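Take a look at the structure set out below.
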Amino acid sequence: ANWTQNNVSVQNVTFMHLSGLNYSVVNSTFYNVTYFKFVTVNFTANHSQWLNSTTKMSVHMNGSTNNVSYFGSNWTTTSFINMTFLNETHEHTIWENGSFINVTFTNFTALNITSKNVWFVNYTGINHTIINSTLINATLINATYVNFSITNGTVNNTLFVDLTSFNTGFFNLTMFNVTYVGANMTDHYEMDTVHVNETHNDSMIQNSTF
């Protein structure tokens, strides 16, 4: 409890069955670190980075991050609940069998990221840029996107329920078996996209270009 890591470097360490209350990370670097059954409440991270890290069967609740980057990370069966993420970057990262519930990402950049079997519930994304990435078997419920773009990506077997988006762009994107229910998309732009087996129910697209 009440643990702060400030200006530290952690390398080649495995944390098992770790619980952190009021856990804070500042100006720190984590390399080749593995977390197994890692639970945090009131977690904050600022100006830090995780390189080649792995997180399994973990839950992070009621926290925030600012200026955090991940490279070569793998989050499996990990959930983020009541979190805010500001100025975050992910490169060569995998999200699998996890969930994001009541979260907000602002100024988010993803390069070569794969998201598989992940739930996004009450998700808000502002100023999102996603490049060379894949979304598979995702479920998004009550998601809101503002200033959101995907370039060179694939979206497969994905369900959007009550999606709201403003100023979004899809470029060189391929989408298979995607369903929208109750979507409201405004100022949406698409170029060089392929849609196969797509369904829209009770949805609206306005002021848009395809």
Side-chain angles (χ1 to χ4, degrees), residues 1-135 138 143 145 147-148:
N2 304 323
W3 182 26
T4 299
Q5 292 178 299
N6 189 4
N7 293 313
V8 300
S9 177
V10 180
Q11 299 184 34
N12 305 321
V13 175
T14 297
F15 297 96
M16 299 184 67
H17 302 270
L18 177 66
S19 297
L21 175 63
N22 301 327
Y23 174 37
S24 179
V25 175
V26 183
N27 297 325
S28 297
T29 299
F30 299 81
Y31 176 76
N32 197 25
V33 174
T34 298
Y35 301 94
F36 181 74
K37 291 188 177 179
F38 182 31
V39 178
T40 65
V41 179
N42 301 332
F43 168 67
T44 60
N46 293 295
H47 298 91
S48 297
Q49 58 184 336
W50 276 260
L51 308 173
N52 299 329
S53 63
T54 299
T55 302
K56 297 181 179 180
M57 299 182 67
S58 299
V59 179
H60 303 287
M61 297 179 288
N62 305 332
S64 63
T65 69
N66 185 12
N67 288 300
V68 171
S69 63
Y70 298 87
F71 185 93
S73 296
N74 188 334
W75 293 347
T76 304
T77 321
T78 295
S79 295
F80 298 86
I81 304 171
N82 301 329
M83 298 277 296
T84 59
F85 305 88
L86 178 63
N87 304 323
E88 185 152 313
T89 301
H90 287 252
E91 295 186 56
H92 298 282
T93 298
I94 297 174
W95 298 348
E96 188 169 4
N97 300 328
S99 62
F100 294 84
I101 302 173
N102 300 331
V103 303
T104 298
F105 278 85
T106 303
N107 303 334
F108 174 68
T109 301
L111 303 173
N112 299 302
I113 185 172
T114 299
S115 174
K116 185 177 181 180
N117 303 326
V118 176
W119 284 71
F120 301 85
V121 182
N122 299 331
Y123 180 99
T124 299
I126 303 171
N127 301 333
H128 264 38
T129 301
I130 300 177
I131 301 172
N132 298 335
S133 297
T134 301
L135 182 66
Y145 289 103
N147 302 331
F148 173 62

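Given the structure is predicted, the values throughout are model-derived calculations rather than measurements. Values below: every heavy atom of this structure, side chains too, minus hydrogens, waters and symmetry copies.
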Is the shortest heavy-atom distance from the side chain of [X] to the side chain of [Y] under 4.5 Å?
X: Phe148; Y: Ile130; result: yes
X: Asn6; Y: Asn27; result: yes
X: Val25; Y: Trp50; result: yes
X: Asn107; Y: Leu86; result: yes
X: Thr77; Y: Lys56; result: no

If the plane angle is over 60° it's perpendicular, under 30° parallel, otherwise tilted; pick one for Phe105 and Phe85. parallel
Parallel, tilted or perpendicular: which fits the ring planes of Phe38 and His60, with parallel below 30° and perpendicular above 60°? perpendicular
Donor-acceptor side-chain pairing of [X] and [Y] below 3.5 angstrom:
X: Tyr23; Y: Gln5; value: yes
X: Asn74; Y: Thr76; value: yes
X: Ser79; Y: Ser99; value: yes
X: Ser53; Y: Ser73; value: yes
X: Thr109; Y: Thr89; value: no

Contact summary for Val103 and Asn82, nearest pair of heavy atoms: CG1-N, 4.4 Å
Could you work out, with ring pair (Phe, Tyr, Trp, His ring centres under 6.0 Å) as the rule, every residue matching Phe71, not counting sequence neighbours? His92
Checking Thr114 against Thr134 for the side chain to side chain donor-acceptor pair (under 3.5 Å) test, could you report, in this order, the C-alpha distance in whole Å, the side-chain angles of both residues, the deciding distance, and whether it holds? CA-CA 5 Å; Thr114 299; Thr134 301; 4.8 Å; no
Please evaluate residues His90 and Trp75 with respect to the criterion ring-ring contact (aromatic ring centres under 6.0 Å, His included), reporting the C-alpha separation (whole Å), side-chain torsions for both, the decisive distance (0.1 Å), and the verdict. CA-CA 12 Å; His90 287 252; Trp75 293 347; 5.1 Å; yes
Only one of Trp119, Phe108, Trp95 passes ring-ring contact (aromatic ring centres under 6.0 Å, His included) with Phe100, and that residue is Trp95
Evaluate side-chain contact (heavy atoms from CB on, under 4.5 Å) for Leu111 paired with Glu91, printing each intermediate quantity in order. CA-CA 5 Å; Leu111 303 173; Glu91 295 186 56; 3.9 Å; yes
